Peer 1: 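One structure is given below, represented as structure tokens, and several questions about it will come after.
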Number of protein chains: 2
Amino acid sequence: MSHMVYCCLMTLDREQVLRSAAALLTRKSTATMDEVARAAGIGRATLHRHFAGRDALVKALESLGIQEFEAALDAAALDEGSCEEALRRLVAAVEPSAGLLSFLVTENQLFEGDEVNEGWNRLDARVSALFRRGQERGEFRIDLTPAWLTEAFYGLVSAGAWTVQVGRVAGQDFQYMIVELLLGGARRSVGQ
Amino acid sequence: MSHMVYCCLMTLDREQVLRSAAALLTRKSTATMDEVARAAGIGRATLHRHFAGRDALVKALESLGIQEFEAALDAAALDEGSCEEALRRLVAAVEPSAGLLSFLVTENQLFEGDEVNEGWNRLDARVSALFRRGQERGEFRIDLTPAWLTEAFYGLVSAGAWTVQVGRVAGQDFQYMIVELLLGGARRSVGQ
DNA sequence: ACCATATGAGACATGAATGTCTCACCGGAG
DNA sequence: CTCCGGTGAGACATTCATGTCTCATATGGT
């Protein structure tokens, strides 16, 4: 059928392929096009019909990651209520995409090149704004810059995704680990 | 001269080459053997005389990173005094190697393969032991496992190295950022 | 049943990185 | 000065991922 139903500018096939590619590349970032195709249960030729080449695949993955992260930011409603609760909602919303995000973040090949996808700037700005709002509300300390807190957020999400994947901690603890460390740190407070 | 002075099982030449290779690969993990050679100011043939191939180079880099990290652990004297102070010493000692560590950590190609260098297990155990000692001393909270705190430590060191490198924060703040976030978190405590 | 489309498998060429080789050159030791 | 080990430059073959192609097949609608 040539008249397929489009959803979000992406066919269902394409979406499925992209999902499995993300899952594979998250684990093995150097996976070959053939491996990606096999992982998706399709032939290499078909993969090439969907994505012109490896670059196009990675770009599509980048778009997917940005889209998912942006959706997580929307779902978390960062402007509402306390910033601590907003951060908890954000981590919960971003968990399903953590692996993909981790892959994209470490794929610094994207960042060293000509031009970065402007989507990352938008995302950085929104996360950074959350931390700034928390500082202005007196919830977050002001001696750590929003820029650093944003990078630390990415770093901890990646570390959490990795740690869960290798089985060093249970996936059930993902949100708790990240939020608690990011908010409260490792030091035992007097009250606890 | 065929009778060269050996130091730490490594010639001075080899050491220099390894340093610049680490610096380059930290920035561009996909750098070519030729690029590595140029960065070291030597010819590709000479690079091959020092390291049989790319794999050997990466292995040597891994050994160097492990060696430096182990030296940092020694210098930090993790068993002495409070664990908070020990952690501060560790971050300070590890700062010069942060870029190399970041490269090696993200080079998951090393971890997905046949066998991981047993050195990583030793390092993990020592860092983990620090956090466990802190928990036993009542300094650190016990609801975050030493395994997670260890991974978070790696993640924050990597994030810090990256953030400093791209100029998002000043290199001068490296230690403070990491230690303060890892120990105290982003939440503003009542006393502050 | 027929046809159109998409697919999988494989062959093939291309390009890039790698690994090996030779050769001319340089600098120091004898 | 002469010799010799180390070096840089380049040529060369090899390997591997990639990209393109063809063709037989399966699927699905008419």
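Lettering of chains follows the sequences in order, A, B, ..., and the numbering in each one begins at 1. Predicted, not measured: the structure shown is a model, and the values here were computed from it.
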Peer 1: How long is the line joining CG of A:Asp55 and P of D:dG19, in whole Å?
Peer 2: 7 Å
Peer 1: Classify the side chain of B:Arg44 versus the base of C:dG19 as yes if they form a donor-acceptor pair under 3.5 Å and no if they do not.
Peer 2: yes
Peer 1: Can you tell me if B:Thr46 touches the phosphate of D:dT7, counting only side-chain N or O atoms and a distance under 4.0 Å to OP1 or OP2?
Peer 2: no
Peer 1: Tell me whether B:Ser158 contacts the main-chain N or O of B:Tyr154 through its side chain, where contact means a donor paired with an acceptor under 3.5 Å.
Peer 2: yes
Peer 1: B:Arg14 has an atom CZ; how far is it from atom P of D:dT7, in whole Å?
Peer 2: 13 Å
Peer 1: Which residues satisfy the side-chain hydrogen bond (donor to acceptor under 3.5 Å, both in side chains) test with B:Glu68, sequence neighbours excluded?
Peer 2: B:Arg19, B:Ser97
Peer 1: Are B:Arg187 and A:Glu139 close enough for a salt bridge, meaning some N to O gap below 4.0 Å?
Peer 2: no
Peer 1: Measure from CG on B:Asp34 to P on D:dG8 and round the result to the nearest Å.
Peer 2: 12 Å
Peer 1: Can you check whether B:Thr32 has a side-chain N or O nearer than 4.0 Å to OP1 or OP2 of C:dA16?
Peer 2: no
Peer 1: Can you identify which nucleotide, out of C:dG19, C:dT22, C:dA17, has its nearest atom closest to the B:His48 side chain?
Peer 2: C:dG19
Peer 1: Could you tell me how far apart B:Phe51 (CZ) and C:dG19 (P) are, to the nearest whole angstrom?
Peer 2: 13 Å
Peer 1: Please report the interatomic distance CG(B:Leu78) to CD(B:Glu85), rounded to the nearest 0.5 Å.
Peer 2: 12.5 Å
Peer 1: Of A:Ala45 and B:Ala45, whose closest DNA chain D nucleotide lies nearer the 5' terminus?
Peer 2: B:Ala45
Peer 1: Between B:Gln135 and B:Arg141, is there a donor-acceptor pair closer than 3.5 Å when you use the side chain of the first and the backbone of the second?
Peer 2: yes
Peer 1: Could you give the CD-to-C1' distance, from A:Glu35 to D:dC16, as a whole number of Å?
Peer 2: 12 Å
Peer 1: What is the separation between atom CZ on A:Arg38 and atom P on D:dA17, rounded to the nearest whole Å?
Peer 2: 13 Å
Peer 1: Is B:Arg54 touching bases, backbone alone, or none of the nucleic acid, heavy atoms closer than 4.0 Å?
Peer 2: sugar-phosphate
Peer 1: A:Arg49 side chain: which of D:dG8, D:dC21, C:dT7 is closest?
Peer 2: C:dT7
Peer 1: Whole angstrom is fine here: how far is it from CG in A:Leu47 over to P in C:dG8?
Peer 2: 10 Å
